[in-house]
Amino acid sequence: MFALVDCNNFYCSCERLFRPDLKQVPMVVLSNNDGCVVARSPEAKALGIGMGVPLFKVRDDIKRHGIRIFSSNYTLYGDISARVMQTLEQFTPRMEIYSIDEAFLDLSGIGKLDDYGRQIRTTVKQHVGIPVSIGIAPTKTLAKLANSAAKRFRATRGVVELCDPRRQQRLLAITPASDIWGIGRNLTRVLQRRGVKTALDLARMEPHRARRLSSVTLERTVRELNGENCIALEEATPKQQIVCSRSFGEKLTDNREVREAVCEFTARAAEKLRREKLLARMVSVFIRTSPFDETGTGYGNTATGTLPRPSSDTLEILHLVSRLFDMVWKNGGRYAKAGVMLGDFCSPDILQLDLFDTGTDHRRNDNLMRAVDSINRDGRGMIRFGGQRPRKDWFMRQEHLSPAYTTKWNCIPVVK
DNA sequence: TCTGGGGTCCTAGGACCC
DNA sequence: TCTGGGGTCCTAGGACCC
């Protein structure tokens, strides 16, 4: 049984903690360059300000309705998020922090779920001052749905417990398929063409058909809507990628200027890497013109390279970044955005084994069993197959979550 | 004029191997 | 002459999330 706890209008709620006078006043928080609206108070939502709209498009509405605007303060939001999460930890032994303002809680074995949810809500409000909504259901996808119902219907007073299959069906029937977690713009179109409109239509789809139509992710969604657990709780998984990228305030055309920006991103990314106590092997650089720029033909390019050895040293990484930058650079572009990505991490703490491709002999299994032993002993580690990163579904298979995930591998422990 | 930043996961396809 | 099946590893690109 899962609960999804989600902070209401998180960034706005954070700003209001220190400005109680802004209660009931319509307000929005803007993205980095004050480009887009990234959070809206309920009053601003009611005035029709959309999520993610560029500021220039709603400037008139803002003036007309006296909506207050704030630049974002991520240090503050991160700090308040940490306090919310600390408070939530008291309610469960297992929890997944899903984003800055959301967490899944494992509530297995708890009796009166609705009461428990209300208790969580009250405690967070008292301790931190942030209002939250809570959805409780047997799978993560249904918990997401329950959460959105808790937000949508006032009568629920912020908590929806969705364990009864009949209630699940009723809610699914009045929810468009596009509101389901994992169904984006594209899948909505694909589904609609096949007459799948409501979430209930989607739930009634044959799982194998869902897989053929799209991929295993859609199959999981369908199964989850029917109460079959396919997406496991992930407690503190290590980072797999670090990205530093930014849209430029004004378009850049000069090689030197863009190169400088990319150097800065590299330094920041390497800093994050060191803070995580990780080493990277893969480095990518990308630049692109604005997709909204109609003055020229659009251009974007990415180059990826491997470091001579795993590293978190800014200069070592910069050396490669500089070469990659030369590969992606093209004269004459009006560049709007650039970024640096680091990936394929390793750490001294992680046990690594390269297993042989054997086929007939049993070295692979022997190695695997030895690795499992040592992981069980130390409580931490990772098994790599010939340098390949273990994939998500291997983990799923090991858990025997569903017969849909059968494989030739018998047992692939990933991270413990 | 002004359009976020930071992530994850999946699939396809090519090169290569036995 | 026949031109396989099964696998690894890597990359690009698409889709989705908050």
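Every chain is numbered from 1, with letters handed out A, B, ... down the list of sequences.
- Listed pair Thr304(A) / dA12(C) meets the phosphate criterion, a side-chain N or O lying under 4.0 Å from OP1 or OP2.
- Side-chain rings of Tyr11(A) and Tyr74(A) approach one another, their centers coming within less than 6.0 Å.
- Distances shown here put a side-chain N or O of Ser247(A) below 4.0 Å from the OP1 or OP2 atom of dG5(B).
- The residue Leu30(A) sits apart from the nucleic acid: no heavy atom pair falls under 4.0 Å.
- As a whole-Å value, the separation of Leu187(A) CG from dT11(B) P is 12 Å.
- Rounding to whole angstrom units, CG of residue Asn301(A) and P of dG13(C) are separated by 9 Å.
- Between dC9(B) and Arg220(A), no contact under 4.0 Å exists linking OP1 or OP2 to a side-chain N or O.
- Computed from coordinates, the Glu234(A) CD to dT8(B) C1' distance equals 9 Å when rounded to whole Å.
- Look at the P atom in both dT3(C) and dC17(B): the space between them is 23 Å, to the nearest Å.
- Asp101(A) comes within contact range of the sugar-phosphate backbone alone, with a heavy-atom separation under 4.0 Å but no base atom that close.
- For Phe248(A) and dT1(B), the CZ to C1' distance is 18 Å, given to the nearest whole Å.
- A salt bridge does not link Asp106(A) to Lys140(A): none of the charged side-chain nitrogens sits closer than 4.0 Å to a carboxylate oxygen.
- Comparing dT11(B), dC16(C), dT3(B) against the side chain of Phe292(A) picks out dT3(B) as the nearest.
- Applying the 4.0 Å criterion to OP1 and OP2 of dG5(B), one finds that Lys272(A) has every side-chain N and O outside that range.
- With dC18(C), dC10(B), dG5(B) as the candidates, the nucleotide lying closest to the side chain of Asn33(A) is dG5(B).
- Of the candidates dG5(B), dT3(B), dC17(C), the closest approach to any side-chain atom of Lys251(A) belongs to dT3(B).
- Residue Leu218(A) is out of contact with every strand shown, counting any heavy-atom pair closer than 4.0 Å.
- Taking atom CD1 of residue Ile100(A) and atom P of nucleotide dG4(B), one finds them 19 Å apart after rounding to whole Å.
- Residue contacts shown for Arg185(A) are limited to sugar-phosphate atoms, with no base heavy atom under 4.0 Å away.
- Proximity of Asn186(A) to the phosphate of dA15(C): a side-chain N or O atom is located under 4.0 Å from OP1 or OP2.
- Closest approach to the Lys144(A) side chain among dG4(B), dC10(B), dC17(C) is made by dC17(C) (side chain taken as heavy atoms from C-beta onward).
- Checked by atom type, the side-chain pair Asn8(A)/Ser133(A) shows a donor-acceptor distance below 3.5 Å.
- Side-chain contact between Ser108(A) and Phe2(A) is absent, with no heavy atoms from C-beta onward closer than 4.5 Å.
- Annotation: Tyr335(A) is not in aromatic contact with Phe248(A) [ring centroid separation under 6.0 Å not met].
- Pairing of dC18(B), defined by two Watson-Crick or G-U wobble distances under 3.5 Å, is identified with dG5(C).
- In terms of phosphate contacts, Thr217(A) brings no side-chain nitrogen or oxygen within less than 4.0 Å of OP1 or OP2 of dC9(B).
- In summary, Arg212(A) and Glu219(A) do not engage in a salt bridge, as defined by a charged side-chain N under 4.0 Å from a carboxylate O.
- Comparing atom distances between the Val243(A) side chain and each of dT3(B), dG5(B), dG6(B) picks out dG6(B) as nearest.
- If you find the closest nucleotide of DNA chain B to Arg268(A) and to Ser215(A), the one lying nearer the 5' end belongs to Arg268(A).
- Contact annotation for Glu250(A): no contact, since no heavy-atom pair falls under 4.0 Å across all strands.
- Per the geometry, CG belonging to Asp179(A) stands 15 Å off C1' belonging to dC16(C), to the nearest Å.
- Across all strands, Ser290(A) comes closer than 4.0 Å to no nucleic acid atom at all (heavy-atom distances).
- Each of Gln241(A) and Arg334(A) lies near DNA chain B, and the nucleotide nearest Arg334(A) is the one positioned closer to the 5' end.
- Ring pair Trp181(A)/Phe104(A): centre-to-centre distance below 6.0 Å.
- Phosphate contact (OP1/OP2 of dA15(C), side-chain N/O of Ser214(A), threshold under 4.0 Å): absent.
- Comparing dT8(B), dC10(B), dG5(B) by their closest approach to the side chain of Ser245(A) singles out dG5(B).
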